[in-house]
Structure formats: C-alpha cells, structure tokens
Chemist: 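Next up is a structure, given as structure tokens.
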Amino acid sequence: MNVSFYRSQLDRKNKDRAAAEKKVGEFRTKEADRRGKATKERLAAEKASTASTRASKLRAAQRYEDEANKAGRDAGTWSIKVGKLSKEISELSVKLAKAETTERAAAEKARQRERQQTERRAAAEQRKIESRLSTAEGQVRTVLRELRAPKPEKLRVLLLGAASDGSLRIGREQERIRTIVQRATHRDLVDLDVHSAATADTLLDALPRFRPHIVHFSGHSGEDLLEFEQDVDDFHESAIVSAGAFARAIAAVDEKPLLVVLNSCHSAAQTEGLVETVPFAIGMAKSIGDVDAITYAARFYAAIAEGQSVQGAHLLGRAAVEMNGLPDHDVPALTYAPDVDPSATRLVTPPPASEIA
C-alpha cells in the first residue's frame, strides 16, 4: 500500500474515533441527567402525602434509573469502539511511517539515478566537444549511434511472462498487447513472440533464434534480480536470475536488442546497467499495481505500432495510466544511452505513401 492510501485510512479512522468519543460524551451526559432526575423523584416520594403520589414518584424514579442504566451501557459500547479505533489508528500510524520511509528512500534513489544519468550525459557531451575541437573540420554537430533499423524487416517483440505462483495477471497483459497491436495501423510491421511461462532457457533460446528488437519481461523482480519460472507444470517457487546475469545474456548475442522493458516492481535500478549494451531500457521506479502495469504496456505498444518515437510511446503509456485514474503513472521510467535520442528514434517505420498506394 502507498502513503496516500494509509493517510486516507488514518484520516477516516480519526474521524470515526472523534464521532465515537462524541457519542460517549452524549450518553454519559444523558446517564447523569437521568440519575439526577431519579434522585429527585425518590426525594419527592419520601415527602408525598398520599400513597398514590408516593407510588407515582417511585415509578418515575425507576423509569429514570432504567434510562440512566441504558445510557451507561450505550456509553460503554461506544467506549469499546473508541478503544478499538485507537488501536487501529496506532497500527495505521506505524504503517504510514514505514511507507513514508520507503517512499522517501525510493525517491532518493530515483534522484540519485537521475543525477548519475545527468553526469554521464554531461561527461559524454564533453567528450564529444573535445573530439570535435581536435578535428580540422571545426564543425559542431550531434552524432547519434547508428541503430539496427527495424525496417525493411518487421519489429520483433519478445514477450516474456513469469508468475510461478500465479499471483500476477501475465496472460491478461500479453492478450491486451496482442489485441491492441492487431488493431494498430501498422500491425503488419510488428511480430510478437509470446511466452506466458518463461524460463531462463526461454530467453536464451529466443535471443539468437528470434533476434528481438524489444525484450519485454513481466513478472516479479527487485533492484538486482528477476524471477523466471521453472520447467514444471504446477505452482512453484520462482527461479531467481540476477540482474547482472540477465544483462550479460542480453549483451551476449551478435544482434542485440534495441530496447529492454522490465514491467516489474523496482526494476528501474537495473536499467543503468542495461543501457551499457542496449540503447533504451524501461523499468519501474517502485512497486506498481497489476492494472497500472497492463495499462502502461498496452498503450506503449499501441503507440510504437503507430510509428511513435520511443519517448512518445513511453509518455503516452504514462498518460494512459493517469487518465484512467490509476495511481502509478509516474512509476515507469525510461533510461537511454547518452549517444541516442529517444524522441527521434522510431522502432516502426511506416512505408512511403507511394508504397501504400
């Protein structure tokens, strides 16, 4: 749960406790009032001149006493609720403090990664300037890395899903991606290779065989690991693959991917290592909900299939999460090498109008 959830819960519980404390006060006041009236009626009964008047006063005194007892019981019931709510508020306060600490730590890590990326870009830019100054041409221009163009060949997307314990909606995400790509204008320019129960061998087999331009992983992960499945048919413990081993597998093939997407929690920390091999990498800055992750991925690939740039598709994916009222729109993070421009890189190149005609 995130900080905003715990804060809203804590606010509601505090309001409930205040209302319960008010009820306790109201019933205690009523109890005192009725007991006072019962005492007056008894005193009046002692002074009554006739038996019938004394009996009437005593009945009134008993009625007030009964009402006082009921008010006392009601006050006790609401006091118990106050105690229960106080305990829940205390527990929520502890959870909120932990969530705030976790969120601050994640934000600090994100700032550190951004600062490191800025420093890398600045250093790379300085090296470019020094290189240009050393040439006789004296021209100032930006040289981008010559990428392996996905045209005239199709854009090949390797979709790897892993949820050995059945806790994630991997099939739903892959079906959404498949459906939305099939509806895209340039659907014939995209080839999907889908694996819903991917093992480490699935990745190793597909890299040289399918030669993907994009490797997309959906499942559980951490800052330094990914959880693949084992080759068994029942729910089971995941197969842990370190972030370093995964990156080295990506780097091992001759035709390396252009983009790696890690649609899994806390995976943004792995993207800095990946862009040492591939131009672009997308990861999640913290934990992300299933629906948020599915919504981002579907809109990202829809935009890619429509010929949008890597950056444009990434921003559209985040916008889709936010416009659907979901909380994790700022969790997907795009990282890229200093010598490429995500706003100028398109992974699907539409054919010229003359060819379409």
Side-chain angles (χ1 to χ4, degrees), residues 105-106 109-110 113 116 156-174 177 192-290 292-294 296-297 300-301 328 331-337:
K109 287 182 180 179
R113 286 196 295 271
Q116 292 170 355
R156 295 185 293 276
V157 183
L158 175 62
L159 295 178
L160 302 174
S164 58
D165 58 359
S167 60
L168 298 177
R169 302 182 68 192
I170 300 299
R172 175 61 175 164
E173 177 182 339
Q174 293 179 342
I177 293 172
L192 301 177
D193 187 15
V194 182
H195 301 270
S196 59
T199 66
D201 283 337
T202 305
L203 170 67
L204 296 175
D205 291 340
L207 284 173
R209 173 187 54 77
F210 186 59
R211 297 176 295 115
H213 300 98
I214 299 177
V215 174
H216 178 107
F217 174 83
S218 301
H220 293 294
S221 67
E223 294 184 355
D224 56 0
L225 60 89
L226 297 170
E227 297 186 19
F228 282 81
E229 296 202 17
Q230 300 180 42
D231 190 13
V232 297
D233 295 331
D234 202 353
F235 293 123
H236 58 278
E237 294 293 325
S238 59
I240 303 299
V241 173
S242 71
F246 178 78
R248 285 188 288 276
I250 297 293
V253 291
D254 294 332
E255 292 186 68
K256 296 171 179 53
L258 302 179
L259 167 66
V260 174
V261 180
L262 301 179
N263 200 14
S264 52
C265 298
H266 302 289
S267 56
Q270 301 187 33
T271 58
E272 287 291 336
L274 287 169
V275 296
E276 295 176 3
T277 298
V278 301
F280 307 101
I282 294 174
M284 303 300 133
K286 56 182 181 180
S287 61
I288 184 168
D290 271 9
D292 305 61
I294 292 170
Y296 170 81
F300 175 82
Y301 286 106
D328 295 334
V331 175
L334 169 64
T335 305
Y336 50 92

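Bear in mind the structure is a predicted one, so any value in this text is a computation, not a measurement. All residue numbers in this chain count up from 1 along the given sequence.
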Chemist: Show the nearest heavy-atom pair for residues S264 and S221, with the distance to one decimal.
Modeler: OG-OG, 2.7 Å

Chemist: What is the minimum heavy-atom distance between F228 and A198, and which atoms define it?
Modeler: CD2-O, 3.6 Å

Chemist: In Å and rounded to the nearest 0.5 Å, what is the CD to OG distance from Q174 to S196?
Modeler: 5.5 Å

Chemist: Taking D328's backbone N and O only, do any of them form a donor-acceptor pair with D292's side chain (distance below 3.5 Å, no angle check)?
Modeler: yes

Chemist: If we ignore hydrogens and angles and just use 3.5 Å, is the side chain of S267 paired with the main-chain N or O of L262 as donor and acceptor?
Modeler: yes

Chemist: Flag the pair D290 and R172 as a salt bridge only when some basic side-chain nitrogen lies within less than 4.0 angstrom of an acidic carboxylate oxygen.
Modeler: no

Chemist: Taking all non-hydrogen atoms of both residues into account, name the closest pair between I170 and G161 and its distance.
Modeler: CG2-CA, 3.4 Å

Chemist: Donor-acceptor check, side chain of E255 to backbone of P208, threshold 3.5 angstrom: yes or no?
Modeler: no

Chemist: Tell me which one of R211, R209, R156 satisfies salt bridge (charged side-chain N to carboxylate O under 4.0 Å, His left out) with D193.
Modeler: R209

Chemist: I need the minimum non-hydrogen distance between K256 and T277, along with the two atoms involved.
Modeler: CD-CG2, 3.5 Å

Chemist: Any idea which heavy atoms bring V241 and F246 closest together, and the distance?
Modeler: CG1-N, 4.1 Å

Chemist: Among V157, I250, L158, which one satisfies side-chain contact (heavy atoms from CB on, under 4.5 Å) with P257?
Modeler: I250

Chemist: Can you confirm whether R169 is buried at CZ, in the sense that more than 12 heavy atoms of other residues, nucleotides or ligands lie under 6.0 Å from that atom?
Modeler: no

Chemist: Could you point out which residue of L274, L207, V261, L259 forms a side-chain contact (heavy atoms from CB on, under 4.5 Å) with V215?
Modeler: L207

Chemist: Decide yes or no on side-chain contact (heavy atoms from CB on, under 4.5 Å) for F300 and I282, but give the supporting numbers first.
Modeler: CA-CA 11 Å; F300 175 82; I282 294 174; 3.7 Å; yes

Chemist: How close do E237 and S164 get, heavy atom to heavy atom, and via which atoms?
Modeler: C-OG, 3.7 Å

Chemist: Enter the distance from L258:CG to I214:CD1 here, rounded to the nearest 0.5 Å.
Modeler: 7.5 Å

Chemist: Nearest 0.5 Å please: distance from the NE2 atom of H195 over to the CZ atom of F210.
Modeler: 8.0 Å

Chemist: What distance do I288 atom CD1 and Y296 atom OH have between them, rounded to the nearest 0.5 Å?
Modeler: 9.0 Å

Chemist: Given Q270 and V260, is the side-chain contact (heavy atoms from CB on, under 4.5 Å) satisfied, shown in steps?
Modeler: CA-CA 10 Å; Q270 301 187 33; V260 174; over 6 Å; no

Chemist: Atom CG in D165, atom CZ in F235: separation rounded to 0.5 Å?
Modeler: 8.0 Å

Chemist: Out of E223, K109, M284, which residue meets the side-chain contact (heavy atoms from CB on, under 4.5 Å) rule with H266?
Modeler: E223

Chemist: side-chain hydrogen bond (donor to acceptor under 3.5 Å, both in side chains) with S238: which of E229, E227, H220?
Modeler: E227

Chemist: Within this structure, what is the OH-CG distance for the pair Y301 and L192, rounded to the nearest 0.5 Å?
Modeler: 9.0 Å

Chemist: Quick check on D231: does its CG atom have over 12 non-hydrogen neighbours (other residues, nucleotides or ligands) under 6.0 Å away?
Modeler: no

Chemist: Other residues, nucleotides and ligands only: do more than 12 of their heavy atoms fall within 6.0 Å of CD on Q230?
Modeler: yes

